[in-house]
Amino acid sequence: MADQLYDFGMIGLGVMGRNLLLNLADHGYPVIGFDLDAQKSNSLEASATDGTIVKGVTTLAEMVHLLKTPRKVMMLVPAGKPVDNVIESLLPVLESGDIIIDGGNSHYTDTVRRVKYLEPKGLHFMGMGVSGGEHGARTGPSIMPGGDLEAWHNVQPLLEAVSAKVNGEPCVAYMGKDAAGHYVKMVHNGIEYAIMQLISEIYDLLKRGAGLNNDELHEVFKQWNEGELQSYLVEITRDVFLQNDPETGKRLVDVILDKAGSKGTGKWTSQDAMDLPVSIPTIDMAVAMRDLSSYKDERTAAYALYQADAVQAQIGKDEAIQLAGDALYFATLICYAQGLAMLHKASGELAMEIPMADVVKIWRGGCIIRSTLLEAFYQAYSKNKALPNILLDEAIAGLIKQKETGIRRFLTVAAESRVPVGGLASALAYFDAYTSAAMPVNLIQAQRDYFGAHTYERIDKPGKFHTEWGSNE
Ligand code: 6PG
């Protein structure tokens with residue numbers, strides 16, 4: 001009897017790779033998986049749903065031999081050298097026309113390099129963002145493929161089957177040329193960092209400034225998640241406050257050390273934004289605060305020196321909760337505005353042709369930054385796909401104006417309470433600057449020309465000008 005042939009191969013059977021593969025199998029596709037760790041390959045079949053066709057193998061050659069042509073091979077391995085290693089080990093066994101997909105969080109410049117390397121060898125290479133964590137991978141992630149169009153058309157039915165669905169529509173779409181898939185995922189993660197930073201600041205003010213305990217915080221996030229603030233990150237925050245630590249009997253959140261980790265995608269977003277250039281100060285602040293959190297010893301010494309305890313907020317709990325909700329809504333919207341403006345700019349600068357309406361459409365479900373707001377952004381880009389910034393859309397302006405007074409008042413309370421709210425403050429500052437027809441940088445231009453003869457432009461006539469400053473003293 002001829003060997004059973006498989007539709008899709010996965011290299012890297014960590015929790016994401018394994019779950020995505022089992023998800024494909026649940027949708028009727030025979031799948032095959034390989035991992036350098038033979039134990040992971042051997043245990044794959046045991047975790048499959050009854051009646052599905054799943055095979056684990058311990059050599060790449062065996063996997064390739066058992067795949068239908070053109071072969072569709074995806075890797076979910078750590079970004080960097082491991083991706084290049086997998087590519088090198090595939091080269092001797094794959095054939096022209098086969099498809100390699102990198103589903104990890106690779107830096108987009110690596111993806112561009114890999115496309116160029118594999119194209120002359122006749123291999124299709126696709127960089128693809130996958131969001132949703134381990135649960136999302138198993139039940140329906142948001143998927144951001146980009147690059148090789150032929151490869152996309154080939155895998156489109158499979159990806160549509162496994163992705164999350166919103167109103168029956170799959171949360172996967174072609175994100176544009178070259179490394180667009182990984183670029184969109186990078187910015188997704190930058191927004192993820194920023195929203196998480198905002199939520200942590202809101203938590204800080206409500207806890208230390210307004211005196212809410214974990215049960216009260218749980219209730220606040222529960223109510224928010226049932227209204228206009230509904231989002232995956234608000235939803236999981238709601239649950240975090242109730243989780244107990246079996247070792248101490250305390251709430252787990254109170255036992256977790258205040259040092260944030262990161263794998264680098266937030267930093268990449270900030271670095272690339274500065275290269276474009278485009279302003280994403282709330283994402284920058286989120287990266288900066290994670291970095292600052294790692295200086296625990298210095299912070300502890302500074303605390304002893306300055307006796308920097310939070311001061312009780314001069315408002316009641318109910319008002320604090322109301323203002324916090326407005327501030328979170330306003331600033332969250334601004335995080336998306338910054339990230340989406342970055343994608344718009346990068347799409348042009350890097351010639352990726354990113355379809356903005358599709359980006360926000362597939363972020364509505366499955367991914368970490370899914371929220372009710374995405375529907376409003378989808379409407380905005382559906383009206384004008386070339387919108388440089390969602391803040392220029394009238395309906396979005398209506399949403400933001402309702403919360404403006406609340407965030408201004410919230411920031412005053414936070415400053416008086418000595419609670420650091422750099423992310424929230426940066427969101428308002430971005431809004432105030434972006435909506436200013438006149439920024440104070442005329443003064444910066446004067447200073448630059450004063451000390452460096454860098455020249456300036458004038459408001460009343462064209463050209464570049466230089467002045468011998470100081471002569472009017
Ligand atoms: C997702 C996430 C995921 C990311 C983690 C860890 O969309 O599922 O963005 O891809 O890797 O959230 O990120 P950090 O370790 O950098 O916080």
Side-chain angles (χ1 to χ4, degrees), residues 12 14-20 23 74-80 82-83 101-108 110-111 127-146 159 162-164 166 171-173 175 179-200 231-237 240 256-273 280 282-294 332 335-336 339-340 342-343 359-360 362-371 374 423:
V15 70
M16 288 293 289
R18 190 188 67 220
N19 281 359
L20 197 61
N23 183 353
M74 175 167 166
M75 66 182 104
L76 260 167
V77 300
V83 175
I101 303 170
D102 173 15
N105 282 329
S106 289
H107 195 276
Y108 78 95
D110 284 338
T111 305
M128 186 169 95
V130 180
S131 178
E134 54 183 278
H135 181 70
R138 187 73 172 88
T139 59
S142 175
I143 309 178
M144 296 154 244
L159 298 180
V162 293
S163 73
V166 172
C171 292
V172 57
M175 295 283 96
H182 278 148
Y183 201 95
V184 170
K185 179 60 173 31
M186 174 183 79
V187 175
H188 165 285
N189 281 27
I191 298 171
E192 172 186 305
Y193 273 53
I195 297 175
M196 290 167 79
Q197 173 63 26
L198 299 178
I199 292 176
S200 75
S231 72
Y232 174 71
L233 287 168
V234 166
E235 179 189 327
I236 63 166
T237 309
V240 164
I256 295 176
L257 184 67
D258 56 335
K259 276 185 181 180
S262 65
K263 296 198 192 73
T265 45
K267 180 183 77 176
W268 293 347
T269 312
S270 284
Q271 287 174 329
D272 207 65
I280 54 162
T282 311
I283 296 172
D284 300 338
M285 184 59 81
V287 176
M289 287 298 132
R290 284 201 194 188
D291 291 343
L292 189 57
S293 78
S294 70
T332 301
C335 293
Y336 288 110
L340 293 169
M342 176 171 176
L343 281 181
V359 172
V360 291
I362 66 163
W363 284 355
R364 291 179 307 170
C367 67
I368 304 295
I369 63 168
R370 62 184 185 260
S371 81
L374 267 311

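Both counts, for ligands and for their atoms, begin at 1 and track the order of listing.
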Atoms in ligand 1 with a heavy atom of [X] nearer than 4.0 Å:
X: His188; answer: 7 (O)
X: Gly133; answer: 8 (O)
X: Ser131; answer: 1 (C), 7 (O), 8 (O)

Give me the atom names and distance for the closest heavy-atom approach of [X] to [Y].
X: Arg370; Y: Arg364; answer: CB-O, 3.6 Å
X: Val77; Y: Gly12; answer: CG1-CA, 4.1 Å
X: Ser142; Y: Gly365; answer: CB-O, 3.3 Å

Please determine whether any non-hydrogen atom of [X] lies less than 4.0 Å from an atom of ligand 1.
X: Gly266; answer: no
X: Met196; answer: no
X: Cys367; answer: no

Closest protein heavy atom to [atom], given as residue, atom name and distance to 0.1 Å:
atom: atom 5 (C) of ligand 1; result: Glu192 OE2, 3.9 Å
atom: atom 8 (O) of ligand 1; result: Gly132 N, 3.1 Å
atom: atom 16 (O) of ligand 1; result: Tyr193 OH, 2.5 Å
atom: atom 11 (O) of ligand 1; result: Asn105 ND2, 3.1 Å

### Message
Please state which option from His135, Lys263, Lys185 has its nearest heavy atom closest to atom 3 (C) of ligand 1.
### Response
Lys185
### Query
Crowded around Gln271 CD? As in, over 12 foreign heavy atoms under 6.0 Å?
yes
Would you say the side chains of [X] and [Y] form a donor-acceptor pair under 3.5 Å?
X: Asp110; Y: Ser106; answer: no
X: Tyr193; Y: Thr269; answer: no
X: Ser270; Y: Asp284; answer: yes

### Message
Checking contacts here: is it the side chain or the backbone of Arg290 that comes within 4.0 Å of ligand 1, counting heavy atoms only? Could be both or neither.
### Response
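Arg290 to ligand 1: side-chain contact only, backbone stays beyond 4.0 Å.
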### Sequence neighbours excluded, every pair satisfying salt bridge (Lys or Arg N to Asp or Glu O under 4.0 Å) that has a member inside residues 183-198
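Those involving residues 183-198 do not exist here.
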